[in-house]
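Written below as structure tokens is the structure these notes are about.
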Amino acid sequence: MLDGWVPWPEEAAQRYRAEGFWEGRPLDRLLRDRAETDPERVALVDGEGARWTYAELDARADRQAAGLRRLGIAAGDRVVVQLPNTDAFVVLFFALLRAGAVPVLTLPAHRESELVHVAETAGARALAIPDTHDHFDHRTLARAVRKAVPSVEHVLVAGDAAEFTALDGVDADPVPLPVPDPSDVAVLLLSGGTTGKPKLIPRTHDDYAYNVRASARICGFDSSTVYLVVLPTAHNFALACPGLLGTLLVGGTVVLSPTPSPEDAFALIECERVTVTAVVPPIALLWLDAVEWEEADLSSLRLLQVGGSKLGAEPASRVSPALGCALQQVFGMAEGLLNYTRLDDPPELVAHTQGRPMSPADEIRVVDEDGHDVPPGATGELLTRGPYTLRGYYRAPAHNARSFTDDGYYRTGDLVRVLPSGHLVVEGRAKDQINRGGDKISAEELENHLLAHPAVHDAAVVGMPDATMGERTCAYLVPRGPAVPPTQRELAAFLTERGVAAYKLPDRVEVTDVFPRTSVGKIDKKELGRRITALLHAEGSGAG
Ligand code: OOB
């Protein structure tokens, strides 16, 4: 058993097994099963049109698993994976599971600040990267991570490996490998974070396999499903809701899009006859516009899943007419709980709600600031526990004490109300996080970086309304003494130098002499939010 994570209490675990939510099978079996029943079907197509059958994908994963073991990667070792939407990701993911190692999934956009923290927290043995991606050399990043985190012995590179190990070369004749305990951690996902640094989310074989299986059922996935991966493969939504894994589970075909741009995605939808894909709202909005000028044939598309941040009812109602497919709203989180609008829900519910819990075993509560249940239909913070929702972050006892109730409910930080049908409407957020079109930014994490700037005395990061992204990031600064406050451009350069991911750079910087304070002396972020919203309105931009 991996140490440092919080398993479900034995009583709950027994119930989840007895009721069939947990099947006691390792996660990699979903690929093996299909390789046995449908070896010649196409499992995977990449952005360049290269194709792999189930048998080929399965064999590649076996050979790489054996190679990883030969390298010295042992059962229980954590391996930080930062790969874009390529076959290398899919092969490595299954190879690591088969080697008994635990993939730690990071986004291609993450930089030194995030990767060092993640590798350190995970005590990672290895790091897997592309050579370059999106005009960035990940080998330079790997050198910095290795220097800062000595436990990282191996750097595995997809492409030109320089002084590191080429992933392509990590192959060996398959060897029998020990079967992992299905109740143990299979994968560590990254949380959006609300405090200093991102947290790691342990997902077990049992719980993640259930996540995938139940999602695939609700979303009507079957062997005719052709799923386009548009979001990063490492994101829970694209990976397992039902995503890439849900498609492989049912013997469908996964198509990898290198980017979410309408040019790339629409061409692949037409060419591969894609039936379903998942996007965040800003991409949905972009696609709704792009169908006006892009000529592609999207007639194969049956379902567009939208989630990650709130989709407005107006754009929601435009999806079906414009794209000729059904819409599904998905309100999910890497921590677990998934809410889906159902394929047979009336259009009203699909346009106006963020879905209802996936599992009959999901327990939800909506509470006020004192932790008391609100009356039915009233807005409050969503708490949840269930067969695929974590009971604690990895190696984070102090944070866990705040993020969970004594009886194991996860405090989502999301403000919701529940309709009589059981559907949830997301009304806002109680957590100190900015949701920039699905990308989550911890205000505290960014503030800590800003406070390191010599000309910054104090910093407060708030969201500002934005028509496309839902919200963007505004950094309020109090300059240090007579120092000239940094401009937005200078700050961007400073934060980039510190290894902060580009999506976290403030979209706007406002300078003030003093911060408004609450009655207990905390920075009044609600007031700062009101100020920036008023300013945007005065300027005639923003919320739209
Ligand atoms: C997904 O996962 P994360 O871990 O990046 O972010 C989770 C948070 C939620 O707590 C909520 O604040 C927000 O993202 N969120 C939504 C939403 N979907 C997620 N807020 C409003 N409306 C929605 N539909 O974002 C994620 C994971 C799996 C499936 C889908 C999304």
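First listed ligand is number 1; within each ligand, the first listed atom is number 1. Index from 1, following the sequence.
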Checklist entry - Is Lys431 near ligand 1, meaning one of its heavy atoms is under 4.0 Å from it? => result yes
Next on the checklist: Please compare Gly307, Gly332, Ser191, Ala240 and report which has the shortest non-hydrogen distance to atom 19 (C) of ligand 1.
Outcome noted: Gly332
Checklist entry - Looking at Asp33 and Arg25, does any basic side-chain N land under 4.0 Å from a carboxylate oxygen? => result yes
Checklist entry - Where is the nearest protein heavy atom to atom 18 (N) of ligand 1: which residue, which atom, and how far? => result Gly308 N, 3.0 Å
Checklist entry - Have His138 and Gln82 got a donor and an acceptor in their side chains that come within less than 3.5 Å? => result yes
Checklist entry - Should Ser309 be listed as contacting ligand 1, given a heavy-atom distance under 4.0 Å as the test? => result yes
Next on the checklist: I'd like to check whether Val330 has a polar contact with ligand 1, where a contact means an N/O of the residue lying under 3.5 Å from an N/O of the ligand.
Outcome noted: yes
Next on the checklist: Check Asp414 with Arg429, please: is the shortest side-chain N to carboxylate O separation under 4.0 Å?
Outcome noted: no
Checklist entry - Among all protein non-hydrogen atoms, which one is nearest to atom 21 (C) of ligand 1, and what is the separation to 0.1 Å? => result Lys310 N, 3.4 Å
Checklist entry - Under 4.0 Å from ligand 1, counting heavy atoms only, is it the side chain of Asn435, its backbone, both or neither? => result side chain
Checklist outcome for this item: Honestly, for Met333 the part within reach of ligand 1 (heavy atoms, under 4.0 Å) is both
Item to check | Atoms of ligand 1 close to Ala334 [distance to a heavy atom under 4.0 angstrom, numbered from 1] | outcome: 2 (O), 3 (P), 4 (O)
Next on the checklist: Less than 4.0 Å is my threshold; does some heavy atom of Gln329 fall inside it relative to ligand 1?
Outcome noted: no
Checklist entry - Does any N or O atom in Val426 lie less than 3.5 angstrom from one in ligand 1, N or O only? => result no
Checklist entry - Under 3.5 Å, is there a donor-acceptor pair between the Thr259 and Asp264 side chains? => result yes
Item to check | Working for salt bridge (Lys or Arg N to Asp or Glu O under 4.0 Å), residues Lys504 and Glu445 | outcome: CA-CA 10 Å; Lys504 296 180 184 171; Glu445 180 186 352; 2.8 Å; yes
Checklist entry - Is it the case that Tyr340 and Ser215 place a side-chain donor and acceptor less than 3.5 Å from each other? => result yes
Checklist entry - His235 heavy atoms, cut-off 4.0 Å: which ligand 1 atoms fall inside? => result 1 (C), 2 (O), 5 (O), 25 (O), 26 (C), 27 (C)
Next on the checklist: Pairs of nitrogen or oxygen atoms closer than 3.5 Å, one from Leu190 and one from ligand 1: do any exist?
Outcome noted: no
Checklist entry - Are Arg508 and Tyr476 in a cation-pi contact, defined as NZ or CZ under 6.0 Å from the six-membered ring centre and within 45° of the axis? => result no
Next on the checklist: Below a 4.0 angstrom heavy-atom separation, can you tell me which part of Leu311, side chain or backbone, both or neither, approaches ligand 1?
Outcome noted: neither
Item to check | N or O pair under 3.5 Å between Asp414 and ligand 1 | outcome: yes
Next on the checklist: Please determine whether a side-chain nitrogen of the Lys or Arg among Glu23 and Arg213 lies less than 4.0 Å from a carboxylate oxygen of the Asp or Glu.
Outcome noted: yes
Checklist outcome for this item: re atom 3 (P) of ligand 1, the protein heavy-atom contact at minimum distance is Lys440 NZ, 3.5 Å
Checklist entry - Between Arg411 and Glu381, is there a side-chain N and carboxylate O pair less than 4.0 Å apart? => result no
Checklist entry - Is there a donor in the side chain of His423 and an acceptor in the side chain of Thr341, or the other way round, less than 3.5 Å apart? => result no
Next on the checklist: Check this for me, if you would: do Arg15 and Glu19 make a salt bridge, where the nitrogen-to-carboxylate-oxygen distance has to be below 4.0 angstrom?
Outcome noted: no
Next on the checklist: Under a 4.0 angstrom heavy-atom cut-off, which atoms of ligand 1 come close to Phe237?
Outcome noted: 28 (C), 29 (C), 30 (C)
Checklist entry - So is Gln354 polar-close to ligand 1, meaning N/O to N/O under 3.5 Å? => result no
Checklist entry - For Tyr409, is the NZ or CZ atom of Arg365 found under 6.0 angstrom from the centre of its six-membered ring and inside 45 degrees of the ring axis? => result yes
Checklist entry - Does at least one non-hydrogen atom of Arg429 fall below 4.0 angstrom from an atom of ligand 1? => result no
